[in-house]
Amino acid sequence: MKVMVFDVGGTEIKYSVMDEQLNRADAGSVPTPDDTQEHFLATLEALYRPHAAEVDGIAMSLPGFIDAEHGVVRGGGAPSLLYNIGTPVGPLLSARCGCRVFLENDGKAAAIAELQQGALKGCTNGAVFIIGTGVGGGLVINGQLVRGIHCTAGEYSYLHTNADDWRNGDKTVALQCSVTNLLRWYRARKNLPEDAPLNGRIFFEAANAGEPEALEVLEKFCFAVDVQIYNLSVLLNLEKVAIGGGISSQPLLIETLDRVYEEQILKGHPFSEEQARSLAHPEIVACAFHNKSNQIGALVSYQNAFYPQK
């Protein structure tokens with residue numbers, strides 16, 4: 001069985017045809033439409049049509065509060081111009097394409113993939129922390145993915161980092177811990193114009209080359225992420241936190257997260273290092289599937305929904 005798989009992000013839609021063994025074919029990406037819902041759905045349909053005869057249906061991961069059972073976006077980080085709160089994206093796409101469609105939140109999809117065959121396999125309590133245009137999340141508690149009664153469990157983006165500045169959106173995890181913010185800090189540190197061409201690959205080329213400004217920004221960024229890893233671990237007693245997104249394939253990111261957690265979170269803890277070390281210290285690792293976790297998790301969710309015996 002093959003399935004058409006979409007991973008909708010704030011910048012691009014990644015796609016592939018995947019089989020039950022997770023082999024990917026005809027993979028690629030296109031820019032995420034930023035104008036209308038019609039353009040968004042038409043883009044997905046156009047990518048699906050050449051493969052309609054060979055696939056069983058469509059599996060899709062996307063940001064937002066996803067009611068997977070009904071294929072409805074209930075709100076959240078979904079691109080607001082593409083679908084309003086309560087939009088039945090799954091049924092709409094199914095009607096256009098004439099096939100089954102299953103939606104899954106992107107962070108939860110990554111957690112499913114990592115729990116089944118990746119970095120969280122065998123974990124009792126673990127989490128994925130997806131660093132992209134925004135921040136995605138997924139929680140595994142007692143060996144099970146947690147969705148929440150309103151489909152919002154694991155939405156780290158909405159966590160606030162500063163109660164003294166509540167109305168400042170820059171103080172949310174979505175802004176503090178995203179690639180968007182990493183690049184924003186780097187532009188500011190380098191005195192680059194806001195429209196200067198820059199992405200994660202360019203940034204890490206500089207960081208891996210030892211550029212002082214890039215390493216300084218990376219240190220600051222990793223501290224922001226580590227504070228949230230610490231908070232999640234205090235709440236949930238996590239064994240592992242798997243970092244996802246395109247930049248998770250950079251060993252320097254994981255190395256810096258580990259070092260900063262030790263040097264600043266533990267040794268610099270406000271209650272003392274001894275108190276900090278009395279708490280569980282989660283292992284910080286890269287997602288085994290890196291930026292493919294969302295697609296793999298979406299496929300697994302599709303299989304579980306329509307072929308539960310598998």
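In what follows, every heavy atom counts, from backbone to side chain, and hydrogens, waters and symmetry copies are set aside.
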Determine whether [X] and [Y] fall in the same hydrophobic cluster, where Ile, Leu, Val, Met, Phe, Trp and Tyr are linked whenever their side-chain heavy atoms lie under 4.5 Å apart.
| X | Y | result |
| --- | --- | --- |
| V140 | V146 | no |
| L215 | I254 | yes |
| V227 | L257 | yes |
| L22 | L120 | no |
| V285 | V260 | no |

Quick check: closest heavy atoms across [X] and [Y], and the distance to 0.1 Å?
| X | Y | value |
| --- | --- | --- |
| I247 | G200 | CG2-CA, 4.4 Å |
| A280 | N237 | CB-OD1, 3.1 Å |
| Y261 | P282 | OH-CD, 3.7 Å |
| A111 | L145 | CB-CD1, 3.8 Å |
| G107 | V128 | O-CG2, 3.4 Å |
| F289 | A113 | CE1-O, 3.6 Å |

[X] side chain vs [Y] backbone, donor-acceptor pair below 3.5 Å:
| X | Y | result |
| --- | --- | --- |
| N208 | F204 | yes |
| S61 | E104 | no |
| D67 | V72 | no |
| R187 | E194 | yes |
| D19 | M1 | no |
| H269 | Q275 | no |
| S157 | V135 | yes |
| T32 | G9 | yes |
| T172 | Y158 | no |
| K108 | G297 | no |

Distance in Å, [X] [atom1] paired with [Y] [atom2], rounded so as to fall on 0.5 Å steps:
| X | Y | atom1 | atom2 | answer |
| --- | --- | --- | --- | --- |
| H150 | E155 | NE2 | CD | 14.0 Å |
| S233 | E239 | OG | CD | 10.0 Å |
| E263 | I265 | CD | CD1 | 11.0 Å |
| C151 | R74 | SG | CZ | 7.0 Å |
| L198 | R184 | CG | CZ | 13.0 Å |
| I112 | Q144 | CD1 | CD | 10.5 Å |

Are side-chain heavy atoms of [X] and [Y] found at a separation under 4.5 Å?
| X | Y | value |
| --- | --- | --- |
| L218 | C222 | yes |
| C177 | Y156 | no |
| E255 | R259 | no |
| F6 | T43 | no |
| Y230 | V234 | yes |
| F40 | I13 | yes |
| C97 | I58 | yes |
| I130 | D106 | no |

* Under 3.5 Å, is there a donor-acceptor pair linking the side chains of Y186 and E211? -> yes
* **Residues I229, I243; criterion side chain to side chain contact (heavy atoms under 4.5 Å, CB included); working and verdict** => CA-CA 10 Å; I229 290 175; I243 306 299; 4.1 Å; yes
* ring-ring contact (aromatic ring centres under 6.0 Å, His included) assessment of F221 paired with F203 -> CA-CA 12 Å; F221 177 76; F203 172 82; 8.2 Å; no
* Inter- and intrachain pairs under side-chain hydrogen bond (donor to acceptor under 3.5 Å, both in side chains), touching residues 285-295, at least two apart -> D7-N294, S16-Q295, E114-S293, S248-H290
* Tell me the salt bridge (Lys or Arg N to Asp or Glu O under 4.0 Å) pairs involving residues 44-58, sequence neighbours left out? -> K2-E54, E45-R49, E45-R96, D56-R100
* To do: Would you sort out whether N162 and N168 count as a side chain to side chain contact (heavy atoms under 4.5 Å, CB included), showing the intermediate values?
  => CA-CA 9 Å; N162 191 336; N168 186 351; over 6 Å; no
* Crowded around E213 CD? As in, over 12 foreign heavy atoms under 6.0 Å? -> yes
* Going through the checks in order, is the side chain to side chain contact (heavy atoms under 4.5 Å, CB included) test met by V241 and L232? -> CA-CA 9 Å; V241 175; L232 288 172; 5.8 Å; no
* Asked: Run the side chain to side chain contact (heavy atoms under 4.5 Å, CB included) check on M18 and V3 step by step: do they pass?
  -> CA-CA 5 Å; M18 299 181 65; V3 177; 5.6 Å; no
* Option from T133, T180, N199 for which side-chain hydrogen bond (donor to acceptor under 3.5 Å, both in side chains) with T11 holds ->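 So, applying the side-chain hydrogen bond (donor to acceptor under 3.5 Å, both in side chains) to T11 and each of T133, T180, N199, only T133 qualifies.
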